[in-house]
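Heads up: numbering here begins at 1 and tracks the sequence. For ligands, and for the atoms within them, numbers begin at 1 and follow the listed sequence.
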Amino acid sequence: MSTQNPVFIPGPTNIPEEIRKACDIPTLDHRSPSFARMFKPAIAGVRRVLNMAEGEVILLPSTGTGGWEASVSNTLSAGDKILTARFGMFSHRWIDLCQRHGLDVQIIETPWGQGAPLAEIEAALRADSSHEIRAVLATHNETATGVKSDIAGIRRALEAAGHPALLFVDGVSSIGSMPFDMAGWGVDVAVAGSQKGFMLPAGLAILGVSPKALTAMEKATLPRTFFDFRDMLKSYATGGYPYTPAVGLIAGLAKAIEMLEDEGLDNVYARHHRLAEATRRAVAAWGMRPCAATPDLYSDTVTAVVVPDGRDGTELVQLAATKYGVAFGVGLGEVAGKVFRIGHLGMLTDVMLLSGLATAEMCMADLGWNVQLGSGVAAAQDYLRTSSVLELAAAA
Ligand SMILES: *Cc1c(COP(=O)(O)O)cnc(C)c1O
């Protein structure tokens, strides 16, 4: 079956036609001035999306996972202690990566559906009076559970404890879709990927790196070559790259930033909030609830829907794919089968979202779940008819 149905997975996201075209360029010599002319605006744009006041943007031919690896391998040394919480598949995978790099990871086990536990983080930092903890890692938006964490709160915890640790934030499924404030939150390394909020194909790890992290880089001894920020920054100085860059993706990135800024970042964030809220109204009308424990934790980019007892979320996802050609996200790890995920980030309109909610309902009916066809769609329609992006952006 060949379809142009939108996807409702929390990445990769739907690629706007303009971005597809922007990526589709003839071969361009990356050592030529033409490349520098394309590359520099993309870098400058990323700075604005991350809200960076200082530091450097690094674009690696990789994915978010490579961004995680680059963040630690460039700034830390084997045996270094780091502090983080585990509350979903993505926070888990970053921990696993750190452990495989020989880092000493102090893990605060946190129930899935919760976010970064601020009080426990602060207590752990206070207890570390000799300042052995080199970095605190935080997953801004846990894509497995649809939970957002309070990064400003983690910065406050560091300040309250008077602790000098670096703050690394995984913003792969939030940056470009939810407010992100690298300068205001004092983030030392922010990690994004091209295929989520930036609406591009996968293939770029996008990082913001603070001056403090760049200082740590000089002393760090974990092995790195392909991801070495030092090589990257040396080449940047001449508008180039230490190796062949993903030129088409970088062209697309400049276009993506132009699109985000034409819409207005505040409006982009308000649009995501509005579509997320419409999704949550539908979920409530189905008699279900998000996996995120409380409204302050609700993600505006993905909703993990807890399915009724005795039902299997993965069955719904499989049926949607095979019968209707529509992609939802399965539950991962601890919540496998217990949730299915609706991604509502990137290029998405009211009309597209409603088609996804309607498809989910058809699947529920097909599987004999006790859900009234149209109930969730109607709840979303009611909300969408009466809410406006501009009003939400003004209120934010
Ligand atoms: C998607 C995602 C990743 C992994 O990114 P890849 O591009 O698949 O390597 C990491 N963290 C979060 C929060 C994600 O949503």
Hey, are Trp94 and Asp170 close enough side-chain-wise for a donor-acceptor pair under 3.5 Å? no
Is there at least one pair of N or O atoms, one from Asp170 and one from ligand 1, spaced under 3.5 Å apart? yes
Any nitrogen or oxygen of Asn141 lying under 3.5 Å from a nitrogen or oxygen in ligand 1? Just yes or no. no
Heavy atom of Gly64 under 4.0 Å from ligand 1? yes
Show which atoms of ligand 1 fall inside a sub-4.0 Å distance from at least one heavy-atom site of Ser173. 13 (C), 15 (O)
Could you check whether the rings of Phe226 and Tyr243 sit parallel, tilted or perpendicular, using 30° and 60° as the cut-offs? parallel
Check the surroundings of atom CG in Asp29: do more than 12 heavy atoms from other residues, nucleotides or ligands lie under 6.0 Å from it? yes
Distance filter under 4.0 Å to Thr143 heavy atoms, resulting ligand 1 atoms: 12 (C), 13 (C), 14 (C), 15 (O)
Is there a heavy atom of Lys196 sitting under 4.0 angstrom from any atom of ligand 1? yes
Check Arg20 with Glu17, please: is the shortest side-chain N to carboxylate O separation under 4.0 Å? yes
Heavy-atom contacts with Gln195 under 4.0 Å: which atoms of ligand 1 show up? List them by number with element. 6 (P), 7 (O), 8 (O)
Can Trp68 be said to touch ligand 1, with heavy atoms closer than 4.0 Å? yes
Atoms in ligand 1 with a heavy atom of Thr63 nearer than 4.0 Å: 6 (P), 7 (O), 9 (O)
Is the closest basic N to carboxylate O distance between Asp266 and Arg271 below 4.0 Å? no
Do Phe198 and Ile250 belong together in a cluster built from hydrophobic side chains that touch within less than 4.5 Å? yes
Verify the neighbour count for atom CD of Gln372: are there more than 12 heavy atoms of other residues, nucleotides or ligands below 6.0 Å? no
Counting from 1 in the order shown, the ligand 1 atoms closer than 4.0 Å to a non-hydrogen atom of Thr65 are 4 (C), 5 (O), 6 (P), 9 (O)
